[in-house]
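Side-chain atoms are counted along with the backbone in the values below, which use heavy atoms only and exclude waters and symmetry mates.
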Amino acid sequence: MAIKAYGAFAADKPLEAMDITRRDVGPHDVQIEIAYCGVCHSDLHTVRSEWAGTLFPCVPGHEIVGRVSAVGGQVSRFKEGDVVGVGCMVDSCKHCHSCDEGLEQFCENGFVGTYNGPTNDAPGHTLGGYSQQIVVKDDFVLKISHPEEQLAAVAPLLCAGITTWSPLRHWNVGPGKKVGVVGIGGLGHMGVKLAHALGAHVVAFTTSEAKRQDALDLGADEVVVSRNEGEMAAHANSFDFILNTVSASHSLDAFTALLKRDGTLCLVGVPEHAHPSPDVAALIFKRRAIAGSLIGGIAETQEMLDFCAQHGIVSEIEKIDIQEIETAYERMQKSDVKYRFVIDSASLAKA
C-alpha cells in the first residue's frame, strides 16, 4: 500500500514529501493509522548521518501514537479502533519481547529499529513514523489508555519516557531516595516528572537560571544551577542516584562528587565527542559508579505507559505540521523547544 511520508534521500538534503510502501498485513501484524509522531534528537542524528550507518531514503520517527486500522488473523490483543503506540523497535528475536528488564535481555541478534533497521520490506530497511501509516508485529504494539485530548503529548513517552523510566526503575528510585536529574530538556523534563511521581526527593540541575521555575513546576523539589559552585558544593556526597540526560560533552566529575557512597551516575545522552576522562579516585574511594542506560523492553515500556496514564503524566510539547520539520530541527539544535516537538500526522495529507 502506497502512503505519504516525509524523509530524506541523502544526508545533505532537507526532508521532503515522498511516497512509500507498507507491506500487506500478515497473520501477526497490526496496521496503524498514525495520528501523532514525536520528534526525537535521534531522528536528526540519523537523517543527517551524524551517526554512522544511515540507510537512504530515511524516514525517521519512533514516537508513534495512532489507531488500529487492521489486524492479522492471529492477533488477539488488538482490534480496529484501539489507540496504540509504537516506540523504538518493531521486531526482534522471538524471545526478547517477553522480558521485563530493559534492553539487557536482547540477544546477539539485537532488535529491529522502527527506522533504519533491517527488514524484508521495501526498500530493505524500516521506515519510521513521519508517515501516515505503519505495519508492526503485534508483540511490539503498546496499549495507550490516556484520554483523547492527551494523545499528542503521549507520543514522546515512547522514547523520552521509557529512556528515563528504565534507569529510574532499575536503580529503585522511590521514597527515601535523593535523585538528581541533569539537564531540563526533552529527556530531563520527563526524568523530573517520573522521579517525582515515584516518590523520590528530586533535585534538577540546569546551567540556566531561567529554567529554575520551570524545573520546580515540573515537580523538582530543589533546583541547582550547575555553574554555581556554592550551590553544587551544598549537595556534596548526598545523592543516591543522578540521571544525566545531557548529550553534549562535559566533565562528569562535578556530578560524581555529589554521589553518596555506592551512588550511581547514569548517562542516557550520547555526546558527539567523548566526555573527558573522569577522576577515578573519586569513584574508587566511595565505590561510586558511572553507568549507562538505553531505552527499555516492551513490557517495561507498557509499565511506564500505564503508570503515566494513572498519574496523568505526559510530555510538554509543541505540536507542528510536518511541513515545519526543518525549522523544528533547527530550533531543536538550539534547545529552543519546551520540551518536545510532536508532528500532527494529519498534515501529511497536504504533502
Side-chain angles (χ1 to χ4, degrees), residues 34-43 61-66 83-90 100-103 111 113-114 128-129 140-147 149-171 173-174 179 181-200 202 204 215 218-220 241 243-247 266-270 292-319 332 337-343:
I34 299 173
Y36 302 103
C37 184
V39 179
C40 178
H41 214 112
S42 299
D43 301 346
H62 58 202
E63 300 177 345
I64 298 166
V65 170
V83 179
V84 296
V86 177
C88 301
M89 46 191 162
V90 292
D100 298 329
E101 299 180 1
L103 280 178
F111 65 94
T114 304
F140 293 85
V141 179
L142 296 143
K143 296 179 180 179
I144 304 292
S145 52
H146 285 73
E149 63 271 15
Q150 293 184 334
L151 293 184
V154 168
L157 299 183
L158 278 303
C159 180
I162 186 58
T163 298
T164 49
W165 173 264
S166 184
L168 292 173
R169 291 290 283 162
H170 181 78
W171 275 277
V173 165
V179 174
V181 178
V182 183
I184 312 301
L187 290 175
H189 93 284
M190 287 306 311
V192 170
K193 286 190 174 192
L194 292 170
H196 172 77
L198 286 166
V202 183
L218 289 167
F241 180 75
L243 181 67
N244 189 334
T245 70
V246 176
S247 58
C266 178
L267 311 178
V268 293
V270 180
S293 182
L294 191 54
I295 44 173
I298 293 299
E300 191 174 44
T301 306
Q302 188 65 64
E303 176 191 63
M304 177 273 303
L305 288 169
D306 294 343
F307 179 90
C308 287
Q310 179 182 353
H311 290 84
I313 296 171
V314 292
S315 291
E316 303 297 313
I317 68 163
E318 182 176 336
K319 192 157 57 173
M332 189 165 60
V337 55
K338 291 184 177 179
Y339 287 98
R340 300 288 276 202
F341 288 115
V342 173
I343 299 162

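With sequence neighbours left out, Tyr36 forms a ring pair (Phe, Tyr, Trp, His ring centres under 6.0 Å) with no residue at all. Legend: residues meeting side chain to side chain contact (heavy atoms under 4.5 Å, CB included) with Lys338, ordered by chain and number and at least two apart, are Asp214. Contacts of Tyr339 classified as ring pair (Phe, Tyr, Trp, His ring centres under 6.0 Å), with partners at least two apart in sequence or in another chain: His189. Evaluation of the side chain to side chain contact (heavy atoms under 4.5 Å, CB included) rule for Ala200 yields Val173, Val179, Val202 as partners, not counting sequence neighbours. Residues satisfying the side chain to side chain contact (heavy atoms under 4.5 Å, CB included) criterion with Cys308, sequence neighbours excluded, are His146, Leu157, Leu194, Met304, Ile313. Residues forming a ring pair (Phe, Tyr, Trp, His ring centres under 6.0 Å) with His41 (at least two apart in sequence, or on another chain): His45.
Side chain of His311 to main chain of Phe307: a donor-acceptor pair is present (N/O by atom type, distance under 3.5 Å, no hydrogens or angles). With hydrogens and angles disregarded, a donor-acceptor distance shorter than 3.5 Å links the side chain of Thr245 to the backbone of Val182. Listed for the Ser247 side chain is no donor-acceptor partner under 3.5 Å among the backbone atoms of Val270.
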Practice task
Step by step, work out the side-chain contact (heavy atoms from CB on, under 4.5 Å) result for Ser42 and His62.
Solution key: CA-CA 9 Å; Ser42 299; His62 58 202; 4.0 Å; yes

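Rounding to the nearest 0.5 Å places NE2 of His196 at 10.5 Å from CG of Leu198.
Looking only at atom types and distance, the side chain of Gln310 has no donor-acceptor partner in the side chain of Asp306 under 3.5 Å away.
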